[in-house]
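Written out below as structure tokens is the structure these notes cover.
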Amino acid sequence: MGGGQLGRMFVHAAQAMGYATAVLDADPTSPAGLVSHHHLLAAYTDTAALAELARVADAVTTEFENVPAPALRVLAETRPVAPSAEAVAICQDRAAEKAHFSRAGVPCAPYAVIDSEAALAAADEALLPGILKTATLGYDGKGQARVADRAELTSAWQRLGKARCVLERLLPLQRELSVIVARGADGHAVTFPVQQNLHRDGILAVTQVPAPDVPSSLADEAARCAKAIAASMDYVGVLCVEFFVVAGADGAPRLVANEMAPRPHNSGHYTIDACDVSQFDLQVRCMAGLPLVSPRLHSPAVMLNLLGDLWFVGGEAPAKAPRWVEVLALPGAHLHLYGKTDARPGRKMGHLTFTGATPEDTRALALKACALLGLPAF
Ligand code: ATP
Ligand code: MG
């Protein structure tokens, strides 16, 4: 379900293992639809298309967080669907997600649900300055506003159409981490190494593994939390949990869960080139009921997201391909482009993963690529 780049990389992994694939997405040029055996061109709620998908597929998964939960429920009547509609519904709603973190015993940022004028008026002063986020449908920093005080909070909520929102306190982040966990129907779960993420303008820009300077106790704790979050909703499939690292009362680094995605994640793209099994391989195994083995990182890695902006560096239209020839002359460069013909600022066009012998070498090569592409250093 869903034809974006995550679906495309899943299709690649499934096909490498000999499976045929079907993609449901209304866009005839969707990145996954272009490479799949079957491409059902229809809306996620199209009854006939869902019936056809159930007919051609032995198992169903989703690459798009906002696939309507009822569509997954319909498919689940006749086919194994992983993750379940219930798990996806939790991840689709920031308020439900935060309540779930608490249920799993994992701390999250202090927050309040803003769903009425009364809730707005009652919002605790301690949540300011804060970030107001729409409860549903936000991604890549969209549907969010930073608010310094009550006046800004009121006007931001009006600008967001008085949609149901959560107001979170703005935390002083030391760093951001994420963990990808894969959990089978038998409850066995494995995790990838903890990765460190850098966001720019609310969009993931750089992922580094191993996460630099993260004590192993903190990395272990992040993996434990991700597994607890998956287990407490009886999750089946690949799940990514994003964490903030903040200073605790004693000054020691402390983990706070930010959000989760019920699918492979942009911060796990490096696993294709730097691990012996990728996040997409494990998604295939989860669906097929095959054994989940602990993935091994065989090389340090740095992943750079390639946004459409890179096609317009140094001037305006027309779009011009970035300097791939020079980038690919760097050792350890793995270029992934998603087959999107139309470059637009902010649009995820591809990613570039560097693998190397040491974290220092790998970072140095990635920095050279940044200089060639006109990306800021990290
Ligand atoms: P995604 O594309 O990952 O789904 P999103 O639009 O859902 O992103 P969030 O992950 O909630 O957004 O926030 C995007 C980024 O904004 C975070 O990675 C972090 O850098 C910053 N941010 C979000 N919430 C807070 C907070 N409470 N305090 C400080 N920074 C925050
Ligand atoms: Mg996020």
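Keep in mind that this is a model prediction, so the values were computed, not measured. Whatever order the structure lists them in is the order used to number ligands and atoms, beginning at 1.
- Contact check on Arg363 versus Glu360 returns no salt bridge, with no Lys/Arg side-chain nitrogen under 4.0 Å from an Asp/Glu carboxylate oxygen.
- Contact annotation: for Ile203 versus ligand 1, there are no heavy atoms closer than 4.0 Å.
- Atom 28 (N) of ligand 1 has as its closest protein heavy atom Leu171 N, 3.0 Å.
- If you number the atoms of ligand 1 from 1 as listed, the ones under 4.0 Å from a heavy atom of Asn258 come out as 9 (P), 10 (O), 11 (O).
- Looking at atom 3 (O) of ligand 1, its nearest protein heavy atom turns out to be Glu259 OE2, 2.8 Å.
- The two residues Thr207 and Leu204 have their closest heavy-atom pair at OG1-CD2, 3.6 Å.
- Ranking the protein heavy atoms by distance from atom 24 (N) of ligand 1 puts Lys133 NZ, 2.9 Å first.
- Protein heavy atom at the shortest distance from atom 31 (C) of ligand 1 is Ile131 CD1, 3.5 Å.
- A salt bridge links Asp93 to Arg164: at least one charged side-chain nitrogen sits closer than 4.0 Å to a carboxylate oxygen.
- A donor-acceptor contact closer than 3.5 angstrom links the side chains of Tyr270 and Gln195.
- Residues Glu125 and Arg150 are paired through a salt bridge, judged by an N-O separation under 4.0 Å between the basic side chain and the carboxylate.
- Residue contacts with ligand 1 for Asn197 are absent, since no atom lies close enough (heavy atoms, distance under 4.0 Å).
- In this structure a side-chain-to-backbone donor-acceptor pair under 3.5 Å is missing from Arg169 to Pro110.
- Rounding to the nearest 10°, we obtain 80° for the angle at the Mg ion (ligand 2) between Glu242 OE2 and Glu259 OE2.
- Considering only non-hydrogen atoms, atom 7 (O) of ligand 1 lies nearest to Arg94 out of Lys142, Arg94, Gln144.
- The distance from ligand 1 to the heavy atoms of His199 drops below 4.0 Å at these ligand atoms: 18 (O).
- Counting heavy atoms under 4.0 Å from ligand 1, residue Glu242 touches it through the side chain alone.
- Between the side chains of Ser178 and Glu242, no donor N or O sits under 3.5 Å from an acceptor N or O.
- A donor-acceptor contact closer than 3.5 angstrom links the side chains of His334 and Thr355.
- Here the heavy atom of the protein found nearest to atom 6 (O) of ligand 1 is Gly141 N, 2.5 Å.
- A salt bridge links Lys162 with Glu117: the closest approach of a Lys/Arg side-chain nitrogen to an acidic carboxylate oxygen falls below 4.0 angstrom.
- With Leu307 as the fixed residue, the side-chain contact (heavy atoms from CB on, under 4.5 Å) test singles out one of Lys348, Arg200, Arg344: Lys348.
- Looking only at heavy atoms of the protein, atom 19 (C) of ligand 1 is closest to Glu176 OE2, 3.3 Å.
- Nearest protein heavy-atom contact of atom 2 (O) of ligand 1 is Asp140 N, 2.7 Å.
- Which parts of ligand 1 touch Leu170 is read off a 4.0 Å heavy-atom cut-off, strictly below it: atoms 28 (N), 29 (C).
- Protein heavy atom at the shortest distance from atom 21 (C) of ligand 1 is Arg146 NH2, 4.1 Å.
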